[in-house]
S.K.: 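Dropping the structure in here first, questions after.
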Amino acid sequence: QSAGFVDVQVVTHTPVPDDQRLAPAPPPAREPKGLAAVREHVNRELARLNDLLFSDQEYHVRGTRP
């Protein structure tokens, strides 16, 4: 866009396989009171880390000149 292109799009390819991403914390057989909220928070943060660290491995950018 800064070079004068319009309709600029970033197209991603080759996602990281799920088995190579950080796995969420599974619920234990017996969960002490209050631990569920901690586990849910940890899993949300793991999902954020997965998005930041394991984004698609390839991409291309396309745009048109007016």
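Along the sequence shown, residues are numbered consecutively beginning with 1. A quick note: this is a predicted structure, and the numbers were derived from the prediction, not measured.
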S.K.: Supply the members, apart from Val61, of the Ile/Leu/Val/Met/Phe/Trp/Tyr cluster built from side-chain contacts under 4.5 Å; use none for a lone residue.
M.R.: Phe5, Val8, Val10, Tyr59
S.K.: Can you run down the ring-ring contact (aromatic ring centres under 6.0 Å, His included) pairs that involve residues 25-58, sequence neighbours left out, and say none if there aren't any?
M.R.: none
S.K.: Taking only residues two or more places apart in sequence, or in another chain, which ones meet Asp18 in a salt bridge (charged side-chain N to carboxylate O under 4.0 Å, His left out)?
M.R.: none
S.K.: What residues form a side chain to side chain contact (heavy atoms under 4.5 Å, CB included) with Thr14, not counting sequence neighbours?
M.R.: Gln57, Glu58
S.K.: Among residues at least two apart in sequence or on other chains, which ones pass side chain to side chain donor-acceptor pair (under 3.5 Å) with Asp56?
M.R.: Thr12
S.K.: Of the non-hydrogen atoms in Pro66 and Gly4, which two are nearest, and what is the gap between them?
M.R.: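 In this case the closest contact between Pro66 and Gly4 is CD-O, 3.1 Å.
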S.K.: Taking side chain to side chain donor-acceptor pair (under 3.5 Å) as the test, write out the residues that go with Arg48, two or more places apart.
M.R.: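 Expected list: Glu45.
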S.K.: Could you list the cluster mates of Leu52? Members are the ILVMFWY residues connected by side-chain heavy atoms closer than 4.5 Å, either directly or through other members.
M.R.: none
S.K.: With sequence neighbours excluded, what pairs up with Arg62 under the side chain to side chain contact (heavy atoms under 4.5 Å, CB included) test?
M.R.: Gln9, Val11, His60
S.K.: Scan residues 4-13 for pairs that pass salt bridge (charged side-chain N to carboxylate O under 4.0 Å, His left out), counting only residues two or more places apart or in two chains.
M.R.: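 Non-adjacent pairs meeting salt bridge (charged side-chain N to carboxylate O under 4.0 Å, His left out): zero.
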S.K.: Can you run down the side-chain hydrogen bond (donor to acceptor under 3.5 Å, both in side chains) pairs that involve residues 29-38, sequence neighbours left out, and say none if there aren't any?
M.R.: Glu31-Arg39
S.K.: Only counting residues at least two apart or in another chain, list the ones meeting salt bridge (charged side-chain N to carboxylate O under 4.0 Å, His left out) with Glu40.
M.R.: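 Per chain and number, Glu40 pairs via salt bridge (charged side-chain N to carboxylate O under 4.0 Å, His left out) with no residue.
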S.K.: Measure from the side-chain N and O atoms of Asn50 to the backbone N and O of Leu22, and report whether any donor-acceptor pair falls under 3.5 Å.
M.R.: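 Pair found, side chain donor or acceptor close to backbone of Leu22.
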